[in-house]
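Report on the structure given below.
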Amino acid sequence: MELMLNKLKSTVTKVTADVTSAVMGNPVTREFDVGRHIASGGNKLAWKIFNGFKKSTKQEVAVFVFDKKIMDKYQKFEKDQIIDCLKRGVQQLTRLRHPRLLTVQHPLEESRDCLAFCTEPVSASLANILGNWENLPSPLPSDIKDYNLYDVETKYGLLQVSEGLSFLHSSVKMVHGNLTPENIILNKSGAWKIMGFDFCIQSINPSEQEPKFSSKEWDPNLPSLCLPNPQYLAPEYILSVSCETASDMYSLGAIIYAIFNNGKSIFEINKQDIYKSFSRQLDQLSRLNSSNLQNIPDDVREHVKLLLNVTPAVRPDADQMTKIPFFDNVGAMTLQYFDSLFQRDNLQKSQFFKGLPKVLPKLPKRVIVQRILPCLTSEFVNPDMVPFVLPNVLLIAEECTKEEYIKLILPDLSPVFRQQEPIQILLIFLQKMDLLLTKTPPDEIKNSVLPMVYRALEAPSIQIQELCLNIIPTFANLIDYPSMKNSLIPRIKNACLQTSSLAVRVNSLVCLGKILEYLDKWFVLDDILPFLQQIPSKEPAVLMGILGIYKCTFSHKKLGITKEQLAGKVLPHLIPLSIENNLNLNQFNSFISVIKEMLNKLESEHKTKLEQIHVMQEQQKSLDITNQMKPLEETKISNIGNQVDKTFSNLGMLTSGPDCKENGMMTNQRKGSLTLEEKQKLAKEQEQAQKLKNQQPLKPQPHAIIAPVKQTKDLTDTLRDNIASLTTQPINKPKVPSSTSFSSVGIGMGFSSSVENTKRNGLNANMGFQPSGFGMGIGTTSQNFFGNTGVTGMANMNMLPTANMPSYSSLNTTSPAVQQSRPPDMSSLDSLFGSQKPKVSMNQLSQQKTNQWLNQFTPPQGTNSCPLGTQMNVMGQTGFGLQGNPFFNPQNFTQPTNSIVNSSSASKDLNDLFG
């Protein structure tokens, strides 16, 4: 990489040094800026050619520089001869003015180090193109190294040289004397120009008479720069020391031969013995045949053979050469017409430009860009010709790269964007809008191209508006979104609303429908769709255009219409339009079809939404119930555990266990290690127990019925199962439960620690429901037992001594009549509760979070649960007995089967009431 940079640096330094040493101090540099070395030309390619610009006008030029260092090997008088020869040639060129001669922009200037003059812009000399790279910069310019002549360039170039010779021979009566590839210059447009008049010979006869030219004898002692190139000289120069206009035609033949033979001349001349070489050449020319000219095209081969003839009179003159069929080529004739374009009137130009699009595809791109394009863009100054020239310029632009378009075409095209007359200019641009938007830079599009489109939409001509609306969709994807949203769409809407032409209104709607896909969804919903409701006309074409926009928006994957807008804006607008009287059957069917699609989508989306909401609500309810049940159960069980601990701690029956806080406190009390807070808490509990002991028993009051709440267990089904189990058991032999199961039953009837029994007991205690058909009492001992349970609490039942528990046989021997007439015996309560065991009233017990229990275990809504009044009634004579409960009174097991006939009706009543 460093080596490449050093090489590049040395090259730039060398070029800069060449320019500095060659031109520095020359008067040409006062008016012109000299650029890089691009080519070489003139006799022996002695002139270096640089590109440059005029300082005042920035006009491009070519600067020819002869560096005097080339003459260092010569003596002074030889140097003077060379300088005089070069000056003569430039001065003669400056005096001559013709399109086929190189145009001099600034005359020759001499300084101590160089000679310099300026001409029209130049690409290279023909010798450079043919491979003679002498006196060229290093590295070799790529545009010279890769330059290949096309047939049309060769034909038209030779035609131009022939025309230049015709001008010299006929009009100026001058022989060029040194017509060679070095003296043929290709200008920037590719035209071939003649220069190098160092050895030109003027006719010595008056203009009225036949021209006569005198030549000098060949002097081999002169410097080579003071002699013409012998390889292209006619034999008569050397052998007979004579010349005429035909001598230049021989040189033209030799040039044609070199062009078609890769720059190789027809004969090799030995400069040391030039007379012998020309004598041999003369002999070869007399025997010249077609085999020697096989590389030359057939349609010009015979003419080249004539041009190389030994006898000057046989050679065709310049005017004859311009008329040979070889130059009757469409491309050559087209280029020739362009060179004479300034001589044509507008009618002739317009006819030529109309036919030019058929010729352009047949020409090489470089020829079109270099030769034709400059001629076309020069006609932009004539407004009447712009409509005829512009299509050809845009056709050329299609074949150019974006860089070539920006560099070569856009600078001349920009002023045309702003021309409003004639109106055809706008139409042509609209038809090629995709090309302009593709290759024009964004800044120029915003400043020049899009304003032209806006002018077309606002033009007074309906035809212009229609064309613009039809063309906009073809290039809408190339317009940037802000310009489309803020500038283009508003003008299309205005054209639709303000026009009096139905065609413009319909085309506006069609245009909007086609460019919807390039717009944002919310812009369409918020701006385009509301605009449709502002359109005043109700013609069928307009209505179908409105329907088309709705349908495109509705069915497009990126856009779509929300169900809110369907219900609130779109359908209320479409449905009235669908019944317009101007619509025919097919148009009505189109409206109805779109409306049905919209309704179906509206129904589907909203129904899906509601279903999802319903599912979410149901899931949320389940989660709420579950979350409520868990903490309530934990609280309830914790309360039960605390109650049991306190009860048995007071009885002195719970003395150990890691989870028992009261036991721990008792242990700490015995050890004398209680904290002050624990002692205060213990004192309060003892005080509370003493108050409860001294308090008189309260009569329980009936509680209001609480509305059933959703619970997880269906208690009605439990009731029915229990009834069924009773009816299926033998009447005379009731099933006697074991002591363990009986204790569990007892606990269940008196606020047991079991969760389910607690549900039943708590609910029945509040409900006070007693169905008919069940026994109203149990034995005295049984009443005392269950009543005691109801007073002391649930947890005491599991720990009662078996000595206080009556046997089942004794309960069974008591007749039902005796049980009903015997008053309740409460003596067993006294034996159970001593002075240290206070009795607890039913109201006090019910106040201990009764509502919380009830709410927790209330049957869920929708279930066939019922309150358990049929299982337990706490509102007996004493307020503590389980009167009327058929499941726990052993005497009721001996009742006849028909004694529980009413149970089904009771269940039905329960279902009617709670279920």
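Numbers here simply count residues along the sequence, with the first being 1.
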Aromatic centroids of [Y] and [X] separated by under 6.0 Å:
X      : Y      : answer
Phe352 : Phe388 : no
Phe50  : His37  : yes
Phe326 : His303 : no

For the pair [X] (side chain) and [Y] (backbone), establish whether a donor and an acceptor sit closer than 3.5 Å, ignoring hydrogens and angles.
X      : Y      : result
Lys439 : Ala397 : yes
Ser166 : Ser162 : no
Glu60  : Pro121 : no

Residue pair Asp248, His169: steps toward the side-chain hydrogen bond (donor to acceptor under 3.5 Å, both in side chains) verdict: CA-CA 9 Å; Asp248 285 340; His169 297 167; 2.9 Å; yes
Salt bridge (Lys or Arg N to Asp or Glu O under 4.0 Å) partners for Glu404, two or more places apart: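 Partners of Glu404 by the salt bridge (Lys or Arg N to Asp or Glu O under 4.0 Å) criterion, ordered by chain and then number, come out as Lys365.
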Interatomic distance, Gln105 atom CD to Thr94 atom OG1 [nearest 0.5 angstrom]: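 It comes to 11.0 Å.
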Distance in Å, Ile479 CD1 paired with Ile445 CD1, rounded so as to fall on 0.5 Å steps: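 So the CD1 of Ile479 and the CD1 of Ile445 are separated by 9.0 Å.
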Whether Phe117 and Trp47 hold their rings parallel, tilted or perpendicular, with breakpoints at 30° and 60°: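 Geometry flag for Trp47 against Phe117: perpendicular rings.
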Salt bridge present between Arg366 and Glu153 (N-O < 4.0 angstrom): yes
Arg301 to Phe260 six-membered ring, cation-pi geometry met (6.0 Å, 45°): no
